[in-house]
Number of protein chains: 2
Amino acid sequence: MTLEETRPPTIKTIAQNVGMTANTVSRALRGSGSISPTTRDKILAEARRLGYVPNAAARALVLGSANSLGLVMTNPSNPFYSELFSVIERRSRKDGYLLQLSATEENLQNEESAVDAMLRWRVDGAIVVATQGSDAPWQRLMANGVPMICVNRPLLEVDCELVGIDYEQGAYDATLHLLDSGHWPLVVFEEDLEISTVHSRIAGVHRALGVRGRAAEEVSIVRIESLRDNDSTLPWQPQSAYEEAHRRLAGTPRGTGVIAGNDFLALGVYRAAYELGLSIPEDVGVCGQGDHPFSAFLTPGLTTVRSPVQDIGAAAVDWIMERIRGAPPAPPTHRRFAPTLQVRGSTMARSTG
Amino acid sequence: MTLEETRPPTIKTIAQNVGMTANTVSRALRGSGSISPTTRDKILAEARRLGYVPNAAARALVLGSANSLGLVMTNPSNPFYSELFSVIERRSRKDGYLLQLSATEENLQNEESAVDAMLRWRVDGAIVVATQGSDAPWQRLMANGVPMICVNRPLLEVDCELVGIDYEQGAYDATLHLLDSGHWPLVVFEEDLEISTVHSRIAGVHRALGVRGRAAEEVSIVRIESLRDNDSTLPWQPQSAYEEAHRRLAGTPRGTGVIAGNDFLALGVYRAAYELGLSIPEDVGVCGQGDHPFSAFLTPGLTTVRSPVQDIGAAAVDWIMERIRGAPPAPPTHRRFAPTLQVRGSTMARSTG
DNA sequence: TTGTACGCGTTATCAC
DNA sequence: GTGATAACGCGTACAA
């Protein structure tokens with residue numbers, strides 16, 4: 001086997017073999033312009049024979065676009081995001097767009113390099129889950145005229161198209177549900193990240209408390225150490241919440257309700273409660289967020305706030321596609337899909353007393 | 001705001017602005033060749049001022065490589081693959097390589113289009129989880145000289161570099177553990193996909209049976225309907241296993257052991273057992289595969305076969321990188337990492353009788 | 001140290 | 001219907 005650095009065949013190769021010009025070959029392969037059926041077939045046959053594959057870089061260079069989308073996520077092992085990715089991947093593939101994916105791991109520096117990569121490749125659009133550390137990278141992206149839509153989290157100051165979830169409403173619903181089924185006092189478990197989703201959920205809890213005339217002071221907000229900004233590839237997991245729940249639930253009054261920022265946190269609470277001899281939902285009610293694939297099958301089933309991931313992913317791609325296809329840049333919209341409360345065994349109504 | 005189709009600045013733009021040649025600018029930006037410090041600074045300043053970003057397509061065209069890797073997976077919502085993606089993304093980013101990702105969803109046609117995309121973009125290497133429907137796409141990829149490594153599943157007939165898990169050994173260990181802790185008879189739950197991982201695990205079970213002198217006939221293999229080949233973006237989930245377990249576990253003798261092909265299947269078994277009034281591990285022992293993030297926190301904790309995902313991902317990228325950096329094409333190796341049995345509450349030793 | 005010339009593979013605009 | 005020719009943005013030889 002010789003080590004000849006053999007470049008793949010080009011349209012020029014085909015042209016020579018069939019005694020034509022590169023130009024003709026180009027049109028034949030692409031079906032545009034006018035070509036005589038005979039030459040067309042001859043060219044196509046030769047192309048197939050050679051195993052010709054068009055060079056995307058060359059095409060991108062002259063066309064100025066690569067038919068590709070940038071997808072920037074924080075952490076793919078978050079079930080929410082992995083499902084989101086699935087939807088987006090499928091939908092953009094259907095439209096013939098390539099997906100260029102990067103994970104930022106809640107790290108601003110990674111975010112910047114992701115933007116850099118998208119700029120270099122002249123992506124046609126970007127779908128972004130921002131870390132919310134700074135708007136700078138995204139301003140840069142938008143300043144370069146790249147259509148961009150935020151998913152799940154808005155930017156800090158800059159206004160940008162957004163499609164997400166009404167976390168505030170979800171937490172509001174969850175809180176009302178816990179209160180009305182007799183759970184009190186409440187404990188809220190959230191990751192210790194300064195992101196809008198966390199803030200929204202806490203706001204929702206407070207609104208519900210106000211509506212039911214409960215004192216916000218009696219609700220403790222517990223921040224769970226996030227492992228996401230370490231240099232680890234650890235997936236989301238319940239460990240920290242489990243440890244914290246052990247401490248918080250030890251001397252808690254019977255009937256306490258727990259609101260968890262995601263279902264992994266809730267699962268940590270489950271385990272801690274079990275080890276402390278507390279039964280769910282009698283001694284402690286638990287409500288999660290996300291309806292992760294495992295949640296319905298826990299014992300008891302986990303009451304959780306379900307987000308319409310599919311709709312969000314679809315909406316994001318659709319918006320980008322419209323913009324790519326020439327829709328005029330309109331003032332940014334913020335669309336927040338309503339989550340729905342999935343009531344299961346973990347918050348069954350308890351008899352008061 | 002005028003609709004001038006304004007292309008981004010190029011090195012030529014910079015050159016004109018500073019009164020130099022494109023060539024000089026090129027070297028200044030890239031730090032190669034020799035440039036006078038003065039002009040260098042002037043060029044860099046102008047580049048920054050313009051917000052210049054090199055055009056990756058143009059560079060790729062002349063260099064013949066795009067510094068990108070193709071990653072082909074079946075289903076990103078599988079926790080194993082999402083973690084694998086995390087590792088690979090991080091590691092390739094560290095090496096300055098872009099990741100081009102596609103999901104095949106166990107579908108051969110998607111696989112072909114993924115290969116097509118990689119070929120067009122002239123990716124420098126490919127990391128692949130094959131659907132094992134046909135070798136054709138991968139033969140095409142390899143025939144084009146693209147370094148390629150299979151993860152987790154080998155190809156059908158063609159020999160190709162592989163890094164994976166010794167599923168056979170894992171299932172063997174799990175089976176021995178179940179038998180030796182008094183569980184009998186056994187029921188094996190596997191997805192109804194014709195993939196090597198499933199076959200390997202079943203082989204491992206049989207080997208263990210042989211070693212302990214148990215009759216393979218008494219072990220029932222239950223195939224769980226896979227939702228993966230539908231046109232759905234459903235994540236992995238326990239539903240089908242749950243339904244099937246309801247049927248299979250109804251009249252089962254006390255002490256039955258269940259071996260599940262992944263932890264989601266195991267979770268379905270958990271729920272069915274609970275509803276049937278069977279307690280784990282007294283009435284039925286359960287062993288999973290994958291050690292998904294939730295498994296340690298179930299009640300009881302799920303005994304499961306843990307795969308070294310990190311090692312596998314790292315090994316895959318490293319191998320690709322070596323090949324890209326010019327390592328001579330050697331005969332393919334098959335490296336299978338040993339999984340480790342995580343013994344937890346779901347298979348606690350039961351007193352015989 | 002800098003400039004000239006050319007090539008990468010493809011598409012587009014014109015002639016013919 | 002087909003063929004020159006130029007252009008996309010950048011890198012590499014080589015000459016100045």
Side-chain angles (χ1 to χ4, degrees), chain A residues 5-44 46-47 50-68 116-117 119-124 144, chain B residues 5-44 46-47 50-68 116-117 119-124 144:
Chain A
E5 179 64 45
T6 162
R7 286 223 178 199
T10 74
I11 53 173
K12 198 178 289 180
T13 320
I14 302 178
Q16 289 172 341
N17 289 9
V18 299
M20 294 277 155
T21 299
N23 185 344
T24 315
V25 174
S26 172
R27 282 173 309 148
L29 291 174
R30 198 152 22 86
S32 93
S34 38
I35 307 96
S36 99
T38 2
T39 54
R40 205 189 75 96
D41 292 349
K42 203 158 55 170
I43 289 175
L44 290 184
E46 179 64 9
L50 290 173
Y52 167 79
V53 180
N55 185 323
R59 181 174 288 176
L61 181 57
V62 50
L63 259 28
S65 139
N67 264 243
S68 71
D116 215 63
L119 252 25
R120 291 147 94 110
W121 283 104
R122 308 290 192 257
V123 294
D124 300 282
N144 280 68
Chain B
E5 180 62 46
T6 163
R7 285 222 178 200
T10 74
I11 54 173
K12 197 178 289 179
T13 320
I14 303 178
Q16 289 172 337
N17 289 9
V18 299
M20 294 276 153
T21 300
N23 183 346
T24 314
V25 175
S26 172
R27 281 173 308 148
L29 291 174
R30 201 152 21 84
S32 94
S34 37
I35 308 95
S36 101
T38 4
T39 57
R40 204 189 75 96
D41 292 350
K42 205 159 50 171
I43 289 174
L44 290 184
E46 180 63 8
L50 290 173
Y52 167 78
V53 180
N55 185 321
R59 184 174 286 174
L61 181 56
V62 50
L63 260 27
S65 139
N67 264 239
S68 72
D116 214 62
L119 251 26
R120 292 148 96 104
W121 284 104
R122 309 288 192 258
V123 295
D124 301 283
N144 280 67

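Proteins get letters first, then strands, A, B, ... in listed order; numbering begins at 1 in each.
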For a quick test of reading the model: is some side-chain N or O of [X] closer than 4.0 Å to OP1 or OP2 of [N]?
X     : N     : value
A:T24 : D:dG3 : yes
A:T21 : D:dT2 : no
A:T39 : D:dT2 : yes

When the distance from [atom1] of [X] to [atom2] of [N] is rounded to whole Å, what number comes out?
X      : N      : atom1 : atom2 : answer
B:R40  : C:dT2  : CZ    : P     : 12 Å
B:L119 : C:dT10 : CG    : C1'   : 17 Å
A:L29  : C:dA12 : CG    : P     : 13 Å

Using the test side-chain hydrogen bond (donor to acceptor under 3.5 Å, both in side chains), find all partners of B:S65 that sit at least two apart in sequence or belong to another chain.
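Counting only residues at least two positions away or on another chain, B:S65 forms a side-chain hydrogen bond (donor to acceptor under 3.5 Å, both in side chains) with B:D124.
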Evaluate the side chain to side chain contact (heavy atoms under 4.5 Å, CB included) criterion for residues A:V53 and B:R122: first the C-alpha distance (whole Å), next the side-chain angles of each, then the deciding distance (0.1 Å), finally the verdict.
CA-CA 10 Å; A:V53 180; B:R122 309 288 192 258; 4.0 Å; yes
Without swapping roles, check the side chain of B:R27 against the backbone of B:S34 for a donor-acceptor pair under 3.5 Å.
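Checked: pair present.
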With distance as the sole test, does A:T10 use its side chain to make a donor-acceptor pair with the main-chain N or O of A:K12 at under 3.5 Å?
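Side chain of A:T10 to backbone of A:K12, a donor-acceptor pair under 3.5 Å: yes, one is there.
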Walk along nucleotides 6-16 of chain D from 5' to 3' and tag each nucleotide B, S or - by protein heavy-atom contact under 4.0 Å, base first, then sugar-phosphate.
--BBSSBB---
Which is true for A:S36 with a 4.0 Å heavy-atom rule: it touches a base, it touches only sugar-phosphate, or it touches nothing?
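Contact class for A:S36: sugar-phosphate only.
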Is a donor from one side chain sitting under 3.5 angstrom from an acceptor on the other, for A:S36 and A:T39?
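There is such a pair between these side chains.
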When rounded to the nearest 0.5 angstrom, what distance separates CD1 in A:I35 from OG1 in A:T24?
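Here the rounded value is 8.5 Å.
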